[in-house]
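For reference, the structure is listed below as structure tokens.
Hydrogens, waters and symmetry mates play no part in the numbers below; they use all other heavy atoms, side chains included. In this text, all values refer to a predicted model and were calculated from it rather than measured experimentally.
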Amino acid sequence: MNQALQQYHLTDLEYPTWLAIQTALERGLRDRQSEKLAPPLLVVVHDLLERAFTATHRFAFRRVVETDFGVAVEDDTDRFEKLLETELAEHGTRNLARFCQEVGWQVCVDVPPASSSPQGVLVELMVPVPGDLRPFRTEKLVEALGLELRVEAIPSGSRLALIMRSQQSVPPATPALLDASACRSGVGDIAERLNYGLVCFAPTGEILAASSALLGQLGLAQSPEALRALAEFIPLAFLHDVVWGLALWKCSGNFENYRIRLRQTGSGDPATAVLFNVSGFRKDNGEIVSLWQVVSLDQGAAAMVEGSIIGETRVHNITRNYVPQLVEQKAREAVRLGKSGLSNERRKVAVLFCDVVGFTSYVERNQDMESIIDTLNSVLRRISASVRSNRGAIDKFMGDCVMALFDSPVDAVLAAINMQSHADDINSLRMRAGQQLLQLRIGVHWGEVVIGNVGTAERLDWTAIGDVVNTASRMEKECRPGATLISTDVREALESAHPGRFCFEDMFGIQVKGKQHTLPVCHVSLAASPGM
């Protein structure tokens, strides 16, 4: 069956639409039996879309500045750049996307199925901006993948087409097993090509020899005096850990991934230093041969920690459980797309708030703090498991309250019902033991939120904010203990997706801060199965 052309008209790179484009691209690659191209291709397409929207928003802001502010951009480019920087810093791309929507400046994205694209077009973008859109960050990746990127001017702006070149059938190469000599030659070529430094230490810690590459990286001249200066730069901790310590403790004498920071004397800035990653081995005579790879150039305060990466891994293993699931998931996605940070997203989500009723009074009656923490964690583990099993993510824990996000309101309600089921099981045991019941109150609302960076450089949260979040929190407080309260939007989504699966109680209104009218809500549960 022939698949239809997937076409999207956008004014911004919206998260749900990006997922739809991603799905269409992956389907097209499967049809072409080129599934392995999917991960790098998504990086390329994401880059093309970002460049298209950047150019479109810039073009739109130029129109606004010229018509509304009366500024001739060609005559005052510095002022234009400052105005644009201020607009993006204060409002992101939201206002510009809305303006583009009003005037009809949209980026059209076509993902043709393989059957209707004999020219091998994987994706095509129509951008309402005249002129060349280069540079693209991923042009070298396009070439490496054997693809072709065509950019041409059209009457309505620019056309970008990412094309899979037709290739003759070539038998796959047979991998060869490298012998020891070839391995040594290859490693030597890598070290020379990447300008790695080499340093040889005596068993007592003195420098016996160093490569010119390392001296150059530190701004030192190629001279005996520079080698003596280098010896003074080596911190005592490195000698203790590597030359006399780490390398000697291991029978093999090998060590790797040790980080060390040395001052770059030739930079003119005493605060400038180079962070190296060092690996090496101990020879039979006790000498240490080490390979030095530049990791980063730091100015001012040190940004990366020195010492063994093994130690840093242990720290990460401790702290990773304190990082919200959503942040780690989005960080991995950002890294795959070549990003160095998390950007703000505007998307529709179901927001769930769950609170343990009466936990404050339970704390007051129990002096054993270890018992309190154990009890709370036992409840939170089951709540988290319900979120995870229904494709949600914990946004944050707030004492005995949990906030979770779901792409689907159906998943959010199913998670809530599952939480209540676990709570019933726990409370049946607590009742038999004569302990205080710990019931749950749950509120679920559905709508558009902003998920973005909140805080300062010292402490950031990547979290959801907006009216939907505030309303869901208020609904949870109005919920009956042991029940789940949902809004009209959630109820309509449930009835549309699964008619007859859920049982809804009578609607009633609650007052939400900042709203003139009451919000209609109702309690929800699973409908009884036939025959029960």
Side-chain angles (χ1 to χ4, degrees), residues 6-25 42-69 71 73 79-111 123-134 136-138 151 154 156-160 330 333-334 337-339 341-349 351 405 407 446-454 462-469:
Q6 300 294 311
Q7 192 172 79
Y8 310 88
H9 297 272
L10 311 169
T11 58
D12 209 347
L13 189 52
E14 302 162 348
Y15 178 77
T17 310
W18 165 244
L19 292 182
I21 293 172
Q22 178 177 322
T23 301
L25 286 168
L42 293 175
V43 175
V44 172
V45 174
H46 196 276
D47 177 49
L48 299 184
L49 288 169
E50 280 194 328
R51 187 71 187 92
F53 288 119
T54 298
T56 303
H57 293 161
R58 188 182 185 87
F59 186 65
F61 191 68
R62 176 172 178 160
R63 173 70 64 87
V64 171
V65 168
E66 290 177 338
T67 56
D68 294 357
F69 299 167
V71 175
V73 173
R79 185 180 178 189
F80 171 78
E81 295 297 339
K82 290 179 180 178
L83 287 171
L84 178 58
E85 181 181 347
T86 301
E87 171 65 25
L88 294 176
E90 294 185 358
H91 305 290
T93 59
R94 186 179 184 183
N95 290 341
L96 297 176
R98 184 187 299 116
F99 177 79
C100 291
Q101 183 75 38
E102 292 172 354
V103 300
W105 290 346
Q106 296 179 320
V107 175
C108 179
V109 183
D110 292 337
V111 185
V123 63
E124 186 175 69
L125 276 64
M126 302 295 184
V127 187
V129 177
D132 199 338
L133 299 180
R134 293 180 176 86
F136 296 103
R137 183 171 53 90
T138 54
V151 183
I154 56 176
S156 59
S158 304
R159 174 180 177 270
L160 284 69
K330 297 303 295 187
E333 181 179 318
L337 294 174
K339 306 297 178 182
L342 300 182
S343 57
N344 297 343
E345 295 180 357
R346 180 173 292 275
R347 54 192 272 206
K348 290 191 74 172
V349 297
V351 182
L405 305 178
D407 287 330
W446 163 250
E448 187 176 83
V449 302
V450 175
I451 307 178
N453 299 296
V454 177
W462 198 74
T463 185
I465 58 175
D467 180 67
V468 173
V469 177

Side chain to side chain contact (heavy atoms under 4.5 Å, CB included) for Leu96 and Leu88? Distances and angles first, verdict last.
CA-CA 9 Å; Leu96 297 176; Leu88 294 176; 4.0 Å; yes
Residues Ala24 and Tyr8: closest non-hydrogen pair is CB-OH, 3.9 Å
Any side-chain heavy-atom pair from [X] and [Y] closer than 4.5 angstrom?
X      : Y      : result
Trp446 : Val468 : no
Val449 : Leu405 : no
Ile21  : Leu10  : yes
Thr93  : Phe53  : no

How long is the gap from [atom1] on [X] to [atom2] on [Y], to the nearest 0.5 Å?
X      : Y      : atom1 : atom2 : answer
Leu84  : Glu81  : CG    : CD    : 6.0 Å
Thr17  : Gln22  : OG1   : CD    : 12.5 Å
Trp18  : Glu50  : CH2   : CD    : 9.0 Å
Thr56  : Arg51  : OG1   : CZ    : 9.5 Å
Leu125 : Arg159 : CG    : CZ    : 10.0 Å
Lys348 : Glu448 : NZ    : CD    : 8.0 Å

The test is side chain to side chain contact (heavy atoms under 4.5 Å, CB included); show your working for Leu13 and His46 and say whether it passes.
CA-CA 9 Å; Leu13 189 52; His46 196 276; 3.4 Å; yes
Check: [X] side chain, [Y] main-chain N or O, donor-acceptor pair, under 3.5 Å:
X     : Y      : value
Asp47 : Arg137 : yes
His57 : Thr11  : yes
Asp12 : Ala97  : no

Run the side chain to side chain contact (heavy atoms under 4.5 Å, CB included) check on Arg58 and Val129 step by step: do they pass?
CA-CA 9 Å; Arg58 188 182 185 87; Val129 177; over 6 Å; no
Set out, in order, the CA-CA distance, both residues' side-chain angles and the distance that settles ring-ring contact (aromatic ring centres under 6.0 Å, His included) for Phe99 and Phe61, then state yes or no.
CA-CA 9 Å; Phe99 177 79; Phe61 191 68; 9.5 Å; no
For Arg346 and Glu14, what are the C-alpha separation, side-chain angles and deciding distance, and is it a side chain to side chain contact (heavy atoms under 4.5 Å, CB included)?
CA-CA 7 Å; Arg346 180 173 292 275; Glu14 302 162 348; over 6 Å; no
Aromatic rings Phe59 and Trp105: how do their planes relate, parallel, tilted or perpendicular, breaks at 30° and 60°?
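Correct class here is tilted.
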